[in-house]
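Heads up: numbering here begins at 1 and tracks the sequence.
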Amino acid sequence: MNNEQQSEQQKAIRRFFIGSFFIALLCAAVVDLFLASMDHGSDDVVWVFFYTFFIVFIPSAITTFVFYITQEKASSYYSRYLLLAFLMPPFLIPILTTLFDLIYLNSWHDAIDTLVEYYLTHGILACILGVAQLVLAQACFIKIWDTQ
């Protein structure tokens, strides 16, 4: 791989990371505004913003890390990249939400029930986020994959 292709891949990875950051920020802001409109005086709304941001951003950061590690083989991993970008949020968001809630609430006796509940309740929203991340990956990496 020549220097120009490597530079283009690094730019695409940076664009994906920045785009993922703003998607996570948008999700956190929407959840925060929704909760603030329902409960006008709670201090928990600020914590929910950070909680939502990190839960949405961690799968995107892991996806970006995988893109960065495997950038040498990007042309042969095209469909795997898109699959990873789509599946990472629906897989990780319910697990992370369960872990954060179990640590915060300290109720480990119903961990499996909580995990199943979060897969059922957060599944659709996580799939929507997965589609957004899939579109972002396609938009960022299309130039690289078309030239190889």
Holding to side chain to side chain contact (heavy atoms under 4.5 Å, CB included), I want the full list of residues that pass it with L25, two or more places apart in sequence or in another chain.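 Side chain to side chain contact (heavy atoms under 4.5 Å, CB included) list for L25, sorted by chain: F21, F22, F49, F53.
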Could you check whether atom OH of Y119 has more than 12 heavy atoms from other residues, nucleotides or ligands sitting under 6.0 Å from it?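 Counting neighbours around OH of Y119, more than 12 heavy atoms of other residues, nucleotides or ligands fall under 6.0 Å, so yes.
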Would you say CD1 of I124 has more than 12 non-hydrogen atoms from neighbouring residues, nucleotides or ligands within 6.0 angstrom?
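Open: at most 12 neighbouring heavy atoms sit under 6.0 Å from CD1 of I124.
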When rounded to the nearest 0.5 angstrom, what distance separates [atom1] in [X] from [atom2] in [Y]?
X	Y	atom1	atom2	value
I55	L96	CD1	CG	6.0 Å
I95	I58	CD1	CD1	12.0 Å
I13	F67	CD1	CZ	8.0 Å
Y68	R14	OH	CZ	9.5 Å
T98	L115	OG1	CG	4.5 Å

Of the non-hydrogen atoms in [X] and [Y], which two are nearest, and what is the gap between them?
X	Y	result
L136	S20	CD2-N, 3.4 Å
G130	P89	CA-CG, 3.9 Å
C140	A12	O-CB, 3.4 Å

Out of curiosity, does [Y] fall in the hydrophobic cluster containing [X] (side-chain heavy atoms, cut-off under 4.5 Å, transitive links)?
X	Y	value
F100	I62	yes
V66	L92	yes
L134	L83	yes
L99	F91	yes
V131	L87	yes

Exercise for review: Could you name each residue pair satisfying side chain to side chain donor-acceptor pair (under 3.5 Å) that touches residues 125-134, not counting sequence neighbours?
Suggested key: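 Counting only pairs at least two positions apart or across chains, the side chain to side chain donor-acceptor pair (under 3.5 Å) contacts touching residues 125-134 are S60-Q133, T63-Q133.
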**Asked** Is any side-chain heavy atom of F57 less than 4.5 Å from a side-chain heavy atom of F17?
**Response**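 Contact flag for F57/F17 side chains = yes.
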Worksheet item: So, do I93 and Y118 sit near enough that their side-chain heavy atoms are less than 4.5 Å apart?
Response: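 No, their side chains stay 4.5 Å or more apart.
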Report task. Sort out for me which residue in P59, C27, P90 forms a side chain to side chain contact (heavy atoms under 4.5 Å, CB included) with L129. Result ->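 So, applying the side chain to side chain contact (heavy atoms under 4.5 Å, CB included) to L129 and each of P59, C27, P90, only C27 qualifies.
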